[in-house]
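Input: a single structure, listed below in structure tokens.
Numbered from 1 within each chain, the chains take letters A, B, ... in sequence-line order. FYI, side chains are in, hydrogens and waters are out, and symmetry mates aren't considered; it's all heavy atoms of this structure.
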2 protein chains.
Amino acid sequence: MKPNHLPKNPPHDLKQLHEQVTTKLSQANYRYTDNRRRLVETLARYGRPVTLPDIINADPALAQSSIYRNLELLENIGVTCRIAIGSEHAHFELAEQLVGHHHHLICKACGTVQDVHLDLQIESLLEESLAQIASRANFSPLHHTLDLHGRCADCK
Amino acid sequence: MKPNHLPKNPPHDLKQLHEQVTTKLSQANYRYTDNRRRLVETLARYGRPVTLPDIINADPALAQSSIYRNLELLENIGVTCRIAIGSEHAHFELAEQLVGHHHHLICKACGTVQDVHLDLQIESLLEESLAQIASRANFSPLHHTLDLHGRCADCK
DNA sequence: CTCTATTATAAGAGTGAGTCTCATTATCAT
DNA sequence: ATGATAATGAGACTCACTCTTATAATAGAG
């Protein structure tokens with residue numbers, strides 16, 4: 001899975017992001033509507049996994065049902081990704097295909113999630129080791145998630 | 001965090017498990033009731049994270065509300081652990097304090113979760129690297145989770 | 001052994017994140 | 001333009017999980 005290792009887009013690179021999303025949407029015969037543009041842009045601006053209330057908070061004109069529908073659609077074409085934190089709300093962010101492979105710092109107190117990158121050397125050692133484990137268990141690996149739980153700077 | 005690295009209890013070691021749980025419960029001034037015994041034993045027998053339906057399936061006499069209540073109580077005293085997979089149901093298993101630190105293979109198709117152990121050497125490299133990342137972000141780490149997503153032997 | 005205070009249980013009502021429905025609106029192809 | 005298709009959004013609905021409350025079990029005092 002090469003795309004996982006692309007560097008993360010800098011946040012100012014919205015134009016390129018929109019181009020990539022446009023391509024993916026049109027390949028799947030979907031339209032890049034204003035709603036979807038704003039949703040993608042909101043996720044890009046946050047630059048970390050956020051909940052539905054976060055999204056509505058950033059762009060109150062978006063309707064809850066539309067956001068959920070579009071997040072699912074965008075997830076299916078590899079633009080968006082839903083992650084299950086312990087929180088009552090699911091978290092959503094741009095897919096690793098677009099922003100690069102990364103991991104999360106999850107604050108047990110406030111629930112905020114922050115993106116971090118692991119040293120490339122350890123990342124590849126890890127992948128090797130996981131591949132071994134998978135083959136031993138006759139398991140076809142697709143991707144891994146590595147989260148660090150604790151307390152963020154603001155909460156300690 | 002020494003306890004994370006204790007070896008996993010073999011499944012036949014129910015007696016010792018019950019002793020440990022008894023201690024933890026009495027230290028917190030709780031009783032080790034029949035309900036709680038059976039819940040702990042069910043989790044031990046599965047030996048992997050399971051959902052509430054799984055638990056009821058294994059022991060239909062247990063009441064849903066009691067299971068949830070006891071799982072929360074047991075989690076608070078470090079006997080049990082709730083994990084958020086993408087699934088509609090939460091998963092529960094015995095805490096790492098009791099069964100040792102481990103990771104998960106998560107099947108995207110059937111949702112089954114399987115425990116696996118990472119090579120100790122890589123595990124400690126990983127912890128070092130995570131500690132570095134945490135200190136750089138002024139984050140107080142408590143524990144990490146590492147899951148491999150893919151398709152299990154039965155589903156591919 | 002009682003008795004009493006405390007803890008645990010379980011049925012079912014309640015909550016709320018997320019999904020589905022459907023009538024309306026926007027967009028594309030011709 | 002116009003008909004066909006795709007997208008939207010308000011609100012009804014679902015269902016995992018939590019809360020309430022009346023009952024049952026247990027521990028400890030006397």
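What separates CG of A:L62 from P of D:dT8 is a distance of 10 Å, to the nearest Å. Atom CG of B:L71 and atom P of C:dA8 are 15 Å apart (whole Å). Here the P atom of nucleotide D:dA7 and the CZ atom of A:R37 are 15 Å apart, to the nearest Å. One atom, CG of B:D54, and another, P of D:dC17, lie 12 Å apart when rounded to the nearest Å. Counting to the nearest Å, the C1' atom of D:dG9 and the CG atom of A:N70 are 11 Å from each other. Atom P of nucleotide C:dT7 and atom CG of B:N29 are separated by 8 Å, given to the nearest angstrom. When rounded to the nearest whole Å, the span between OH of B:Y30 and P of C:dT6 equals 16 Å. For the pair A:N76 CG and D:dA6 P, the interatomic distance rounds to 16 Å; values are reported in whole Å.
For the pair B:N70/B:V40, no side-chain contact is recorded, criterion being any heavy-atom separation below 4.5 Å from C-beta on. B:Y30 places none of its side-chain heavy atoms less than 4.5 Å from the side chain of B:K24. In this structure the side chain of A:R37 reaches within 4.5 angstrom of the side chain of A:H18, judged on heavy atoms.
Distance alone, capped at 3.5 Å, places no donor-acceptor pair between the B:S26 side chain and the B:N29 backbone. The backbone N or O of A:E19 lies less than 3.5 Å from a partner atom in the side chain of A:T23, making a donor-acceptor pair. A donor-acceptor contact shorter than 3.5 Å is absent between the side chain of B:R151 and the backbone of B:A109.
When the side-chain nitrogen and oxygen atoms of B:R69 are compared with OP1 and OP2 of C:dT9, one or more of them lie within a distance under 4.0 Å. Contact between the side-chain N/O atoms of B:N35 and the OP1/OP2 oxygens of C:dA10 is found at a separation under 4.0 Å. One finds a side-chain N or O of A:S66 lying less than 4.0 angstrom from the OP1 or OP2 phosphate oxygen of D:dG9.
Note on the helix from C:dC1-D:dG30 to C:dT30-D:dA1: terminal axis deviation equals 30°, with five pairs used at each end and the result rounded to 10°.
Contact of A:R36 with D:dA7 (side chain to base): no donor-acceptor pair of N or O atoms is detected under 3.5 Å.
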So which protein nitrogen or oxygen atoms get under 3.5 Å of nucleotides 23-30 of chain C's nitrogens or oxygens?
none

Distances under 3.5 Å between nitrogen or oxygen atoms of protein and nucleotides 16-18 of chain C:
unit_1 : atom_1 : unit_2 : atom_2 : d
C:dA17 : O3'    : A:E88  : O      : 3.4
C:dG18 : OP1    : A:A90  : N      : 2.7
C:dG18 : OP2    : A:Y68  : OH     : 2.6
C:dG18 : OP2    : A:H89  : ND1    : 3.4
C:dG18 : O5'    : A:Y68  : OH     : 3.3

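Ion pair B:R38/B:D59 flagged as a salt bridge, since at least one NZ, NE, NH1 or NH2 atom sits closer than 4.0 Å to an Asp/Glu carboxylate oxygen.
In this pair, A:H102 and A:H117 present their aromatic rings tilted. The plane angle is within the 30 to 60° band. Classification of the A:H144-A:H101 ring pair by plane angle, with boundaries at 30° and 60°, yields perpendicular. Using a 30° and 60° split on the angle between ring planes, B:F92 and B:Y68 fall in the perpendicular class, above 60°.
For B:H143 and B:E96, the side-chain atoms include no donor-acceptor pair closer than 3.5 Å.
The line from CD1 of A:I106 to SG of A:C152 is 12.0 Å long, rounded to the nearest 0.5 Å.
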